[in-house]
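Okay, structure first, notes after.
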Amino acid sequence: MSGTVTAPARRVAPIGEALLALLGIAAVILAAWAVPWLKFILTVALAKGIAVLGILLLLRAGQVSFGHSMFLAIGAYTVAFLAPALPEALLLLPLGAAIAGLFGLVIGLFVVRYRDIFFGMLNLALSMVLYSLLEKLYSLTKGTDGIRVSGLRFAGITPDLATQEWVMFGLALGLAILFGLLVRAYLGSPMGRALAGIKTRETRLEFMGVSARRVLLAAYVLSAVMGGVAGTLVAMTSRHVTPQLAYWTSSGELVFIAVLGGAGSALGPFLGAAAFELVRVYAAAAVADAWQMILGAVLLLVILFAPGGLWGMLAGRLGRRP
Amino acid sequence: MSGPLLSARGLRLAFGGVKAADGIDLDVMPGEFLAIIGPNGAGKTTFINMTTGYLKPQGGSIAYDGEPILGLAPRAIVRRGIGRSFQLPQLFAEHTVLENAALAIAARSGLWSPLTPLLRPAWRAEAMAVLERFGLAPLAEARADALNEGARKLADIAMAVALQPRLILMDEPTSGVAAAEKMSVVETLVRVLREAKVTAVFVEHDMEVVERFADRVAVWNQGRIAALGPPQQVLNDPAVLRDVIGIEPAHHA
C-alpha cells in the first residue's frame with residue numbers, strides 16, 4: 001500500500017519546489033485577503049497541513065498512524081485547559097507542542113516496537129482511549145459539549161476580532177513555513193534517509209550499528225510535536241475544543257489528506273489540506289448531503305490516476321524524470 | 001596483537017533435531033582470509049549469525065579482541081568493529097548507491113544529525129572514495145534496486161567496509177555473480193580488504209576462489225569443523241574431497 005503512495009514520483013529541482021512554495025504562499029495570502037470568510041478555513045487548512053507533515057514523516061518509514069489526531073487533541077486541550085490561567089497565545093503554542101511531544105515520546109517508546117498494521121492499529125487504539133477519556137471525564141472536559149477557549153492575548157495585547165483572525169492566519173502560515181522547511185531538511189538528513197531505510201531494509205540499519213526503533217522514535221516524536229502545534233492552532237482559531245478532535249475519523253482525515261497531497265514533498269500536506277478543506281466547503285454548500293461522497297471520489301481518482309498525490313501531479317508537470 | 005582476533009569455543013546450536021553447531025572451536029588470526037566451505041545446511045551461515053549477534057547459541061563462547069561478545073545486540077557488535085555482508089544483498093532499495101554508502105559512513109557517528117544533509121561534502125567525498133575503490137563510482141547515482149547482482153554484492157560489501165570494521169564476515173560474496181565477472185569481483189574485493197587491513201571470514205562454494213584467495217580453509221560438516229588448514233592441504237585431503245566436496249579422490253588426482 002505505502003509503496004505506491006510514498007515513493008517520490010519524480011524529482012523536482014529545489015528551485016522549482018521553492019518557486020511553487022512561494023506561489024502557494026502568495027495564493028493563500030491573496031485568497032485570505034480577497035475572500036474574508038476563507039481566512040478561517042485556510043488557517044485550519046494550514047494547521048492540518050502541519051499535522052499531516054507528521055503523517056508524511058511516518059509514511060516515509062512505510063508506517064501509517066490511524067490515531068495521529070490524538071496529538072492534535074492533546075495540543076488543543078492543552079490550550080483549553082490552560083487558557084483561563086494563562087491566556088498568552090505565544091506561550092500556549094510552545095506549551096501545547098511540548099506536551100504533545102512528551103506524550104509522543106511515551107507513546108512512541110511503545111508503538112515503535114511494531115510495524116505496519118500493528119503500528120497503525122495501536123495508534124488507533126490509543127487515540128480511542130484518549131477520545132473516551134475526553135468524553136467521559138465530564139467534570140474535567142465537559143464531555144462532548146467541549147470547552148470554549150476564552151479571551152486570548154497575543155504578546156500581551158488583546159486585538160479585536162478581525163485583527164485576531166489575521167494574527168492566527170499569520171501564525172499558522174509562519175509555522176507552516178517553518179515546519180515545512182524543517183521537515184524538508186529532516187528528510188534529506190541522515191536521520192531522514194535512514195527513516196526511508198526502515199521501509200526497505202530495516203535489518204541493514206541494525207547491521208550498521210543503528211537502532212531502527214530510535215530512528216522511528218525520533219520521527220514519531222517530531223510528528224507528535226507537529227500534531228500538537230496543529231492542535232493549538234485549531235483550538236485558538238475555532239475557540240472551541242471537543243473530543244471529536246481525537247476521534248478516529250479525524251485521524252483518518254489526516255491520512256486522507258496525506259495521500260491526497262502526496263508524500264513526495266513537504267508541500268504535499270499543504271496542497272492536500274487546502275484541497276481537502278476547499279472541496280469540503282464548496283461541496284457541502286453545493287450538495288449538502290453528498291459532500292463526503294465527493295471527497296471520497298476525489299481521493300479514489302487521485303489513488304487510481306495520480307499515486308503521487310497532488311504534489312506528484314504538479315511535479316510531473318514541472319519536473320524531470322530522475 | 002599476537003592472539004586471535006576472533007575466538008569461538010564450543011559453540012552449540014540445534015534447530016529441532018538439526019545440529020547447526022555441534023561444538024565449534026575456531027580462531028581467526030588478525031589479517032588472515034579464512035574461507036568456510038561445506039555442504040548446504042552444514043551451519044556456515046549459522047556461525048556468521050551467531051558471531052554477529054543475530055542468533056544466540058545454546059552453549060559455548062565467542063570472544064572478539066579478547067572480550068566476550070556473546071549476548072550483545074547485533075548493533076553493539078557492529079560498533080565494536082565486526083562488519084558483515086549478506087548472501088542476499090541488503091541495500092536500501094529506494095536510495096542511490098551513493099546514499100547507501102553515505103548512510104554507512106553517517107552511521108559511524110550514529111546518524112544523529114537531523115538538519116544537515118546526508119550528502120554533505122565530506123561524506124559525499126568519502127562515499128565516492130569507497131565506491132571508487134570497489135569500481136562502483138560510475139553507478140553512484142543509480143538506484144540500488146537497479147543494479148545487477150555483481151554490483152549489488154559489491155555495494156553490499158562496500159557498505160560494510162565503509163563502517164571501517166576490523167573483521168568482516170561475508171556470506172557467499174560471489175553467489176549469484178555471473179561466472180564471467182566472478183573473478184574480477186573477488187579480485188576487487190580482496191584488494192580493497194587488504195588495503196584496509198580488514199580480516200575476513202567468508203563462506204564460499206567456488207573452490208577456485210577459495211584456492212586463490214584464502215589463507216586458510218575451514219571445512220564445515222553437520223555443525224562441526226571437519227578440517228582446517230591451508231587450501232592446498234585441505235582441498236587435497238581425500239576425506240574432505242569425498243565427504244564435503246563430493247569428488248572421488250582418484251578423479252581429482
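Remember, predicted model here, so these are calculated numbers, not experimental data. Below, chain A is the first sequence line, B the second, and so on; all start at residue 1.
Heavy-atom minimum distance, B:Ala106 versus A:Pro190: CB-CB, 4.0 Å. Nearest heavy atoms, B:Val78 versus A:Gly209: CG1-N, 3.7 Å.
With sequence neighbours left out, the side chain to side chain contact (heavy atoms under 4.5 Å, CB included) criterion links B:Arg79 to no other residue.
The cationic group of B:Arg84 lies under 6.0 Å from the six-membered ring centre of A:Phe207 and within 45° of the ring axis, placing it in a cation-pi geometry.
Within residues 93-102 of chain A, no residue approaches chain B closer than 4.5 Å by heavy atoms.
In this structure, chain B has no heavy atom under 4.5 Å from any part of A:Arg184. Residue A:Leu205 touches chain B through both its backbone and its side chain, counting heavy-atom pairs closer than 4.5 Å.
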Original post:
What do the steps show when you test B:Leu103 against A:Met208 for side-chain contact (heavy atoms from CB on, under 4.5 Å), and what is the final call?
Top reply: CA-CA 9 Å; B:Leu103 265 173; A:Met208 295 194 321; 4.3 Å; yes
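At least one donor-acceptor pair closer than 3.5 Å links the side chain of A:Arg204 to the backbone N or O of B:Asp156.
With contacts defined as side-chain heavy-atom distances shorter than 4.5 Å, the pair B:Leu91/A:Arg201 does not qualify.
Rounding to the nearest 0.5 Å gives a distance of 13.0 Å between CZ of B:Phe92 and NZ of A:Lys199. Between atom CD of residue B:Gln90 and atom CD of residue A:Glu202 there is a gap of 11.5 Å, rounded to the nearest 0.5 Å.
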